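Each remark here refers to the structure printed beneath this line.
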Amino acid sequence: MAWLEGSALGHLMRESGVWTYGCVNLVHILGVASLFGAVLVLDLRLLGFWRKVALSAISEPTVRVAATGFIVAVLSGICLLATKATEYVDNPFLYIKFPAIGLGLLNVVALNSLSAWKQHKVREPSSRERSKLAVIGGISLFCWLTAITAGRMIGYW
Ligand code: HEM
């Protein structure tokens with residue numbers, strides 16, 4: 001944390017004007033909103049909502065928007081962290097947020113390992129596969145909601 005705070009990025013964030021932090025924070029929120037907005041629609045579909053709409057029709061746009069939002073959130077988040085990294089060391093919400101993000105990413109790996117997901121553009125999942133997809137969708141909602149809640153709470157500690 002001390003290294004990050006003392007880095008060129010940390011200096012840039014602190015010394016490049018009063019609006020810098022606010023603008024980067026706005027970019028962070030736009031990234032988070034895009035990530036969670038897309039993930040919410042995909043996860044609800046995995047949980048069984050809107051069965052009449054093909055999963056592939058929903059996965060195509062939502063996966064792209066979620067991935068883009070995630071990259072934007074990570075890049076802007078590192079900038080926010082660099083501003084005053086050492087002040088976050090004692091913040092318990094940081095230690096909830098990052099494991100939640102890690103678990104969310106592991107869940108994405110788990111989803112991508114399922115043959116039902118790999119083949120969802122060419123065939124419908126069986127009822128057993130649908131249950132597995134629903135579990136993944138539920139875990140995903142839990143992870144990203146936890147990350148958002150902890151992220152919001154960091155500032156209030
Ligand atoms: C490497 C990735 C990330 C880093 C380093 C990071 C870091 C940060 C930092 C330092 C803050 C400011 C806390 C404060 O002092 O108020 C913040 C805010 C926040 N982060 Fe992240 N973040 C990352 C990714 C994410 C992701 C993926 C999400 C959502 C799933 C997220 C959700 C939030 C939320 C909701 C806030 C509160 C913003 C506000 O209320 O103004 N962050 N993040």
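Just so it is clear, the model here is predicted, and its values are computed rather than measured. Just so you know, ligand 1 is whichever comes first in the structure, and atom 1 is the first atom listed for that ligand.
When all heavy atoms of Asn91 and Ile154 are compared, the pair lying nearest together is ND2-O, 2.9 Å. In plain terms, the two heavy atoms of Leu35 and Ala66 that are nearest each other are CD1-O, 3.5 Å.
Residue Trp144 has at least one heavy-atom neighbour below 4.0 Å for each of these atoms of ligand 1: 30 (C). Of all atoms in ligand 1, numbered sequentially from 1 with element shown, those under 4.0 Å from a heavy atom of Tyr88 are 10 (C), 12 (C), 13 (C), 14 (C), 15 (O). Taking a cut-off of under 4.0 Å to the non-hydrogen atoms of Ile148, the atoms of ligand 1 that pass are 29 (C), 30 (C), 35 (C). For ligand 1, the atoms closer than 4.0 angstrom to any heavy atom of Ile78 are 5 (C). Numbered from 1 in the order shown, with element, the atoms of ligand 1 that lie under 4.0 Å from a heavy atom of Ile101 read 24 (C), 25 (C), 26 (C), 27 (C).
Looking at Asn107, its side chain does come within 3.5 Å of a backbone N or O of Ile136 through a donor-acceptor pair. Proximity of a side-chain donor or acceptor of Glu5 to a complementary backbone N or O of Ala82 within less than 3.5 Å is not detected. Side chain of Arg45 to main chain of Val53: a donor-acceptor pair is present (N/O by atom type, distance under 3.5 Å, no hydrogens or angles).
Closest to atom 41 (O) of ligand 1 among all protein heavy atoms lies Asn25 ND2, 3.0 Å. Looking from atom 1 (C) of ligand 1 to the surrounding protein, the closest heavy atom is Val74 CG1, 3.9 Å. Regarding atom 38 (C) of ligand 1, its nearest protein heavy-atom neighbour is Ile29 CD1, 3.5 Å. When hydrogens are left out, the protein atom nearest atom 40 (O) of ligand 1 is Arg152 NH1, 2.8 Å; that is the closest non-hydrogen contact. Remark: minimum distance from atom 3 (C) of ligand 1 to any protein heavy atom is reached at Phe98 CE2, 3.7 Å.
Residue contacts with ligand 1, taken as heavy atom pairs separated by less than 4.0 Å, do not involve Tyr156 at all.
A cation-pi contact, defined as under 6.0 Å to the ring centre and within 45° of the axis, is absent between Lys97 and Tyr88.
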Problem set entry | Step-by-step side-chain contact (heavy atoms from CB on, under 4.5 Å) determination, Ser127 to Arg130 | CA-CA 5 Å; Ser127 66; Arg130 264 204 290 272; 4.1 Å; yes
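Heavy atoms of Phe36 come nearer than 4.0 angstrom to ligand 1 in no pair at all. Using a 4.0 angstrom heavy-atom cutoff, Tyr21 counts as in contact with ligand 1.
The environment of OH in Tyr95 is crowded: more than 12 heavy-atom neighbours from other residues, nucleotides or ligands sit within 6.0 Å.
Checking Gly155, Ala82, Gly104 against atom 16 (O) of ligand 1, the nearest heavy atom belongs to Gly155.
Residues Leu133 and Leu111 are in side-chain contact: their nearest non-hydrogen atoms beyond the backbone lie under 4.5 Å apart.
With sequence neighbours excluded, the residues that form a side-chain contact (heavy atoms from CB on, under 4.5 Å) with Leu145 are Phe36.
Inside a sphere of radius 2.8 Å centred on atom 21 (Fe) of ligand 1, the protein N/O/S atoms present are His28 NE2, Lys97 NZ.
The only option from Val108, Ile101, Val39 that meets the side chain to side chain contact (heavy atoms under 4.5 Å, CB included) definition with Phe70 turns out to be Ile101.
Ionic pairing of Arg51 and Glu124 is not present here: no N-O contact between side-chain nitrogen and carboxylate oxygen is shorter than 4.0 angstrom.
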